[in-house]
Number of protein chains: 2
Amino acid sequence: MCNRKGTLIRYGDWLCEDAGMMTSAAPDGSAVPDGTDGTDGTDGADGAVPRRRRDVERNQRALLDAAGAVFATSGVGAPVREVAAAAGVGVATLYRHFPTRSDLVVAVYRHQVDACAEAGPALLATEPTPFAATLAWVHGFVDFLGTKHGLGRVWEGDDAGFTALHVLFVERLVPVLDGLLDAARASGEVVAPVTAYQLLRAVGDLVAWAPQDPDYDVRRMVTLLVSGLRQEPPAP
Amino acid sequence: MCNRKGTLIRYGDWLCEDAGMMTSAAPDGSAVPDGTDGTDGTDGADGAVPRRRRDVERNQRALLDAAGAVFATSGVGAPVREVAAAAGVGVATLYRHFPTRSDLVVAVYRHQVDACAEAGPALLATEPTPFAATLAWVHGFVDFLGTKHGLGRVWEGDDAGFTALHVLFVERLVPVLDGLLDAARASGEVVAPVTAYQLLRAVGDLVAWAPQDPDYDVRRMVTLLVSGLRQEPPAP
DNA sequence: CTCGAAACGGAGCGACGTTCCGCACCGTAA
DNA sequence: TTACGGTGCGGAACGTCGCTCCGTTTCGAG
């Protein structure tokens, strides 16, 4: 928000609990592979790369755990200092692992986003119609976002929406929703000319800023939006 | 955003170009009438109140003009210092007239909101159907919000959505939209069980955070949302 | 054990919204 | 016209934010 460089930082798989190979973001924007341990099948051209330091891994894990806990209690908008303190490290360490606040959020929620993405094809198989599958998937997305109050600030980001969270959603979820929409369009249920990106963005805006007001039911508004897909848009 | 007291500040008619009577916000939340000139019909119990100082009025006007210009060029998220500098006054003067950033925004756009509100009944008379009137009115609202990029931060506010802008919208626009929706429901066009507040809030969220991305058309998404009003919501 | 590179911690930077306080100005009364 | 009292003013200052700089520590290979 302050004086960051304008480069689009590629987010990588910071947490390697599910994949050994990692890529870390260099400040100039080029993604370089981390020299992980030699157990995995990396091309051993230069096997002399030093082993990953143990404190690095420990701190990374501590940061992710702490961030998860802090975000769960204080909301996603919690200050980075708070996360760093909870992890028992300095802020510089946090920023060395996660170049941006948004990157930290992405790392914390990445596997949840993955689960959300993987639910798409499954729903297409189990739900009675493609439109029902689409609606169910969007509701799952809403439920996912709804538990993270204050996500809006991260979702919106600073300048043009080039947050890491935004990139993650576009890369991971837009294709899934696109498949659902295509199927629903093929079945004739969906007729409105709307792209998956537009719909996802709209749902995100709707949910990310929803108040915890009992008079306001986000799910209902999202349902309203998705229902609109079944109609030709009005004339103008 | 920083260390404001949690009191809900009542916004008053800061700019008296259309109404002489003014109320200013006291820090404890109680609205007290400003001692304006005795020309208007105030209860003259204490007519000895000193006349309003001329510099006060001049600065207020300068601030509003400057804020309008700055918001138009730098966006609504422009720093208060910038507005104060453009008006040629100190920040303290700005804060004396507008207790919060959000209050300044409200004061700048108040008459536009009024115009938006007044367009409601008119559209009901000119548009072919109440639903068409509703859609047209919502589109007008979108156009109004769309010109103010960066409004999201103000729209969202800090804690629970108790921004002055929020209060203004709820007090001024919700009744108007309610009338439109009632008419559209009476005509049978709108069947979805949605309140005016819910719809306005959803449209606001949709628009306030819309990117200037050419791939994303807010108007289309809002139309989608309003179109959903014509259908019974899907089962759950 | 030595040593150099990599990682660390926390002070520091710039920007933000908002408040404090000594001084200047305005309007009234003599 | 001048003196005066209080209201309004300006800008430095405060607390917080995301993020960076740099002297110091620590890891692990030789």
Side-chain angles (χ1 to χ4, degrees), chain A residues 1-7 9 24-25 27 32 34-35 37-38 47-60 62-63 74-85 87-105 150 153-154 157-159 163-164, chain B residues 1-7 9 24-25 27 34-35 37 47-60 62-63 74-85 87-105 150 153-154 157-159 163-164:
Chain A
M1 201 85 64
C2 191
N3 44 2
R4 299 224 34 252
K5 309 183 198 67
T7 61
I9 299 192
S24 78
V32 296
D34 275 350
D37 51 6
V49 283
R51 191 191 174 80
R52 203 134 179 268
R53 280 172 59 156
R54 202 156 36 235
D55 51 355
V56 172
E57 205 138 1
R58 172 168 32 90
N59 286 333
Q60 187 151 314
L63 278 168
S74 305
V76 185
V80 286
R81 284 178 234 262
E82 193 175 330
V83 173
V89 304
V91 280
T93 300
L94 188 153
Y95 273 97
R96 201 164 303 107
H97 288 294
F98 309 101
T100 289
R101 227 188 143 284
S102 174
D103 294 316
L104 176 62
V105 177
R153 203 95 53 177
V154 185
D158 33 10
D159 311 328
T163 355
Chain B
M1 201 82 66
C2 193
N3 45 0
R4 298 221 40 250
K5 309 183 197 64
T7 60
I9 299 193
S24 79
D34 275 352
D37 50 9
V49 282
R51 192 191 175 78
R52 207 137 177 268
R53 280 170 58 156
R54 203 158 25 236
D55 52 353
V56 172
E57 204 138 1
R58 173 168 32 90
N59 285 333
Q60 188 151 315
L63 277 166
S74 305
V76 185
V80 285
R81 285 177 233 263
E82 193 175 330
V83 173
V89 304
V91 280
T93 301
L94 188 153
Y95 273 95
R96 202 163 304 106
H97 288 294
F98 310 100
T100 289
R101 228 188 142 283
S102 174
D103 295 315
L104 176 62
V105 176
R153 203 96 52 177
V154 184
D158 32 9
D159 309 328
T163 354

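Keep in mind that this is a model prediction, so the values were computed, not measured. Lettering of chains follows the sequences in order, A, B, ..., and the numbering in each one begins at 1.
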Asker: Calculate the interatomic distance between A:Y95 atom OH and D:dC17 atom P; express it in whole Å.
Answerer: 11 Å

Asker: Taking atom P of C:dG9 as reference, at what distance in whole Å does atom CG of A:L94 sit?
Answerer: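 Answer to the nearest Å: 11 Å.
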
Asker: Separation of B:R53 atom CZ from C:dA24 atom P, in whole Å?
Answerer: 14 Å

Asker: Can you list the residues that meet the salt bridge (charged side-chain N to carboxylate O under 4.0 Å, His left out) rule with A:R81, with sequence neighbours excluded?
Answerer: none

Asker: Could you go through the side-chain contact (heavy atoms from CB on, under 4.5 Å) check for A:H97 and A:V56 one step at a time?
Answerer: CA-CA 9 Å; A:H97 288 294; A:V56 172; 3.5 Å; yes

Asker: Quick one: on DNA chain D, does B:V56 or B:A92 contact a more 5' nucleotide (nearest heavy atom)?
Answerer: B:V56

Asker: Report yes if at least one side-chain N or O of A:N59 is closer than 4.0 Å to OP1 or OP2 of C:dA7; otherwise report no.
Answerer: no

Asker: Using a heavy-atom cut-off of 4.0 Å across all strands, would you classify A:V91 as base, sugar-phosphate, or nothing?
Answerer: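 Base contact - A:V91 has a heavy atom under 4.0 Å of at least one base atom.
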
Asker: Which whole-number value in Å describes the distance from A:E57 CD to D:dC27 C1'?
Answerer: 14 Å

Asker: Checking all strands, does B:V80 fall into the base, sugar-phosphate, or nothing category for heavy-atom contacts under 4.0 angstrom?
Answerer: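 If one applies the 4.0 Å heavy-atom cut-off, B:V80 turns out to touch a base.
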
Asker: Check the phosphate of D:dG8 against B:T93, side-chain N and O only, distance under 4.0 Å to OP1 or OP2. Yes or no?
Answerer: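 Result: no.
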
Asker: Is A:H97 close enough to C:dA7 that one of its side-chain N or O atoms is under 4.0 Å from OP1 or OP2 there?
Answerer: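 It does not, given that no N or O in the side chain of A:H97 lies less than 4.0 Å from OP1 or OP2 of C:dA7.
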
Asker: Check the phosphate of D:dT16 against A:R81, side-chain N and O only, distance under 4.0 Å to OP1 or OP2. Yes or no?
Answerer: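 Looking at the OP1 and OP2 atoms of D:dT16, neither is under 4.0 Å from any side-chain N or O of A:R81.
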
Asker: A:R101 side chain N/O closer than 4.0 Å to the phosphate oxygens (OP1, OP2) of D:dG18?
Answerer: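 The answer is yes; a side-chain N or O of A:R101 sits under 4.0 Å from OP1 or OP2.
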
Asker: Picking from D:dG18, C:dC26, D:dC27, which would you name as closest to the side chain of A:D55?
Answerer: D:dC27

Asker: With rounding to the nearest 0.5 Å, note down the distance linking CG in A:L94 to CD in A:Q60.
Answerer: 10.5 Å

Asker: Check B:E82 against B:S74 and note the closest heavy-atom contact, atom names and distance.
Answerer: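 The answer is OE2-OG, 3.0 Å.
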
Asker: How many whole angstroms separate atom CG of B:D103 from atom P of C:dT19?
Answerer: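 Whole-Å distance recorded here is 11 Å.
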
Asker: Rounded to whole Å, please give me the gap between CG in A:L63 and C1' in C:dC8.
Answerer: 12 Å

Asker: Taking all atoms of both residues into account, what is the closest heavy-atom pair of A:S102 and A:A164, and its distance?
Answerer: OG-N, 3.2 Å

Asker: Let me spell it out: for each of B:R58 and B:S102, pick the nucleotide of DNA chain C with the closest heavy atom. Which residue's pick is nearer the 5' end?
Answerer: B:S102

Asker: Round to a whole Å and report the spacing from CZ of A:R96 to C1' of C:dA6.
Answerer: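 That distance rounds to 9 Å.
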
Asker: Would you say B:R54 places a side-chain N or O within less than 4.0 Å of OP1 or OP2 belonging to C:dG27?
Answerer: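 Yes, within the criterion.
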
